[in-house]
Amino acid sequence: MEPYVGMEFESEEAAKVFYDTYATHMGFVMRVDAFRRSMRDGKVVWRRLVCNKEGFRKSRPRRSENRKPRAVTREGCKAMIVVKKDKTGKWVVMKFIKEHNHPLVAAPANSRRSVLLSQTPDGKDVKIRELTAELQRERKRSAAYLEQLEMVLQDMEEHSGHLSKNIEDIVKSVIEIDSKRAPVSSSSQ
């Protein structure tokens, strides 16, 4: 099935899965490109999915003369879909460009990827992919929180050590001052 302007998806992930499947059938590789976030809550509300030959690679000076130049993989292809989250929470295709400026290469019919993607994903498959992607994002977020928590705990331990040292120094100072102020005993008179 070919994408069309107005086509709806339940989620951004469902749109990605659909376009990736379409790309495989057509003979190109999809790449997730630009996105926009909501100013209100920071969630992605707009996404562009493109052919992997979209754009051009920036020319960078070669670091070493011994290195071979990389193959040209970007050819300025304009094929893409743009999906946007609407007020109902559905993701709608806002733009679709079908034409490529390069030959398409159909995947061999017996390749594992083409077999897996040739099966149209039903609602359960899409939901599993969405939840898997969400789980991966949450694991990354949890790892980042754990790292931050460990840094805070380390800072607290260091601060506690400094406080203990300061209190110890103060106690020693008070003892020294008290010992200097102590009255001379009567036996020495």
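Atoms considered below: every heavy atom in the structure, side chains included; atoms not considered: hydrogens, waters and symmetry mates. Everything numeric here is computed off the predicted structure, so don't read it as measured data.
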Checklist entry - Going through the checks in order, is the side-chain contact (heavy atoms from CB on, under 4.5 Å) test met by E2 and M26? => result CA-CA 10 Å; E2 188 172 280; M26 296 304 294; 5.5 Å; no
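- Of the possible polar contacts, one joining the T21 side chain to the V17 backbone as a donor-acceptor pair under 3.5 Å is found.
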Next on the checklist: One pair to check against salt bridge (Lys or Arg N to Asp or Glu O under 4.0 Å): E176 and K172. What are the steps and the verdict?
Outcome noted: CA-CA 6 Å; E176 284 178 22; K172 284 180 183 176; over 6 Å; no
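- Atom CD1 of I81 sits about 9.5 Å away from atom OH of Y22, to the nearest 0.5 Å.
- If you take NZ on K43 and CZ on R37, they are separated by 11.0 Å, rounding to the nearest 0.5 Å.
- Across A79 and K98, no two heavy atoms sit closer than the pair CB-O, 4.1 Å.
- Between K78 and E99 there is no salt bridge, since no side-chain N of the basic residue sits under 4.0 Å from a carboxylate O of the acidic one.
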Next on the checklist: Please determine whether salt bridge (Lys or Arg N to Asp or Glu O under 4.0 Å) holds for the pair R31 and D33, giving the CA-CA distance in whole Å, both sets of side-chain angles, and the decisive distance to 0.1 Å.
Outcome noted: CA-CA 6 Å; R31 180 165 48 91; D33 191 36; 3.7 Å; yes
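- Considering every non-hydrogen atom in both V93 and F9, the closest pair reads CG2-CE1, 3.7 Å.
- With ring centers used as reference points, F96 lies 6.0 Å or more from Y4.
- Remark: I167 CD1 to K165 NZ distance equals 12.0 Å, nearest 0.5 Å.
- Minimum heavy-atom separation, H100 to C77: ND1-SG, 3.3 Å.
- Atoms CH2 and CD, from W91 and E12 in turn, are 4.5 Å apart once rounded to the nearest 0.5 Å.
- When every heavy atom of V45 is checked against every heavy atom of S38, the shortest pair comes out as CG1-CB, 3.8 Å.
- A salt bridge does not link D20 to K16: none of the charged side-chain nitrogens sits closer than 4.0 Å to a carboxylate oxygen.
- Residues R48 and V82 approach most closely at CG-CG2, 4.0 Å, considering heavy atoms.
- Side-chain contact between V32 and R47 is present, with heavy atoms from C-beta onward closer than 4.5 Å.
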